[in-house]
Number of protein chains: 2
Amino acid sequence: MTSAQTTRRTVLTGVAAAAALGLTTGTANAGTPGPRIGILLYDGFSLLDPTGPAELLSRLPGATVTMLAEHRGPVRTDTRQVSVLAERSVAEIDRLDVLLVPGAGNRGTVATMQNPVLLDWIRRVHRHTTWTTSVCTGALILGAAGLLRDRATTYWASASYLESTFGVKYVPERYVRVGKVITAAGVSAGIDLALYLASLIAGEETARAVQLAVEYDPHPPFGSGSATTASPELKALALRLLAESQE
Amino acid sequence: MTSAQTTRRTVLTGVAAAAALGLTTGTANAGTPGPRIGILLYDGFSLLDPTGPAELLSRLPGATVTMLAEHRGPVRTDTRQVSVLAERSVAEIDRLDVLLVPGAGNRGTVATMQNPVLLDWIRRVHRHTTWTTSVCTGALILGAAGLLRDRATTYWASASYLESTFGVKYVPERYVRVGKVITAAGVSAGIDLALYLASLIAGEETARAVQLAVEYDPHPPFGSGSATTASPELKALALRLLAESQE
């Protein structure tokens, strides 16, 4: 292969630098199996809740990330416009190192909180997980499965529901750890959760490298992502946009 | 319906507050069609590149977000562990308001840069878009389609490839706009791009509400997401994690 062809075939030029540093030989997990990460999809989930963490956690050495659902096949999001494939049914999976339960709009969250098959499965898998985690209203599903204690976080608009229904204190942080249960705040908070999880699973240096691997150096053009400083009008508009985009 | 049932069925309690403010009547887009947003999937794409922007842009009033590919059906990510469904083939779509081209690992990026069907389609659709956008190495695909001029951004490890192959200046910003082409940096930068796009399409107030809707108030536990401050060792480790998780 000529050098021109090599250039043509290697768009990530830093790969050469990594090779020069002797860091590309062998596998990062040195033959040991990495974490088995299962993400539970269900009808009406919010797209970024599972896909943000999946992107980051899939970079951990030897990790397997499996999208699961009650049944195999396409699972539609809350907007009904996008589908992610469930590669396995929950009946096929009884051991996971990490379980992640994403959130959804009202319809998907309530339906899953009332689904005995999924709640039973969550409880059964939770017995052997290293970490049981949620994003957004996924915390309410963990609550319905009886797994919340003391403190948790969830989507900002579900804070009072969380407190009144499950008797746990809502903490407005990006993620909250109680024992082996870690809940994250709304939607995008799953990415911060994933970095924290990465550090717990593989150490801080690897977590820092995962952050660089996904160039997660956030600079949103606005600073309106926190409900603690948002006006009632902005909260109302946010919830209206959500309600009108969901089915 | 009793009040207890209402509580049970409404986990997003702020919806009541929105109603009290009179903001839930009517549709946000008042009957006018919203933006037609098309996201081009291809074998080996990186999961967060399309799903971050899709999550945010789907909240714009009246928006339709369509996952597209050369052929309909499941499209696998770079890890080969996750699939997103392409709802339409590119042959079915000839008009879009927004085109977004995600990035991929080396294999997926190079294959798409050499796919005449997809490059021709990108060029054809681009003639009528309001915004033509990319995330991560998706910029290289826009470059292969002949759509880059002057300046662009891309994944940090592809910066020198971008400059040497397409003769444009790499700008290490989260997103770079040149005319109607907007390129974003790596993977997670698509979320910042989406907020900027939301403001261009629907105005700043709506964009701020979208940010709150996805609770995008980033607080990563580490500060290692930027290549401009990363050590050579961390860069090498990031690229090694990527290479070993991709197929």
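So you know, we letter chains A, B, ... as the sequences are listed, proteins then strands, and number each from 1.
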The criterion is ring pair (Phe, Tyr, Trp, His ring centres under 6.0 Å); which residues satisfy it with Tyr196(A), sequence neighbours excluded?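 Counting only residues at least two positions away or on another chain, Tyr196(A) forms a ring pair (Phe, Tyr, Trp, His ring centres under 6.0 Å) with Tyr175(A).
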Side chain, backbone, both or neither: which part of [X] has a heavy atom under 4.5 Å from chain B?
X: Glu87(A); answer: side chain
X: Thr154(A); answer: backbone
X: Ile191(A); answer: side chain
X: Arg88(A); answer: neither
X: Thr66(A); answer: neither
X: Pro220(A); answer: both
X: Ala230(A); answer: side chain
X: Thr109(A); answer: side chain

* Under 4.0 Å between a Lys/Arg side-chain N and an Asp/Glu carboxylate O for Glu233(B) and Arg208(A)? ->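 No, Glu233(B) and Arg208(A) are not salt-bridged.
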Max heavy-atom pair count under 4.5 Å with chain A, selected residue of Gly186(B), Ala207(B), Gly225(B) =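 Most heavy-atom pairs under 4.5 Å with chain A: Gly225(B).
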message: Heavy-atom pairs under 4.5 Å with chain A: which of Leu85(B), Val214(B), Val84(B) has the most?
response: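 Greatest number of close heavy-atom pairs with chain A: Val214(B).
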- prompt: Based on non-hydrogen pairs under 4.5 Å, which of Thr79(A), Leu195(A), Val65(A) is most in contact with chain B?
  reply: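 Highest number of pairs under 4.5 Å: Val65(A).
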* Between Arg59(A), Gln246(A), Arg107(A), which shows the greatest number of heavy-atom pairs under 4.5 Å with chain B? ->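 Going by pairs under 4.5 Å, I would pick Arg59(A).
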- request: Could you check Gln211(A), Glu205(A), Glu204(A) and say which one makes a side-chain contact (heavy atoms from CB on, under 4.5 Å) with Ser224(B)?
  value: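 Looking at Gln211(A), Glu205(A), Glu204(A), the match for Ser224(B) under the side-chain contact (heavy atoms from CB on, under 4.5 Å) is Gln211(A).
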message: If we ignore hydrogens and angles and just use 3.5 Å, is the side chain of Thr51(B) paired with the main-chain N or O of Leu48(A) as donor and acceptor?
response: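 Answer holds: no.
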Partner residues of Ala238(B) under the side chain to side chain contact (heavy atoms under 4.5 Å, CB included) criterion, sequence neighbours left out:
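For Ala238(B) the side chain to side chain contact (heavy atoms under 4.5 Å, CB included) partners, ignoring immediate neighbours, are Ala209(A), Leu212(A), Ala213(A), Trp156(B).
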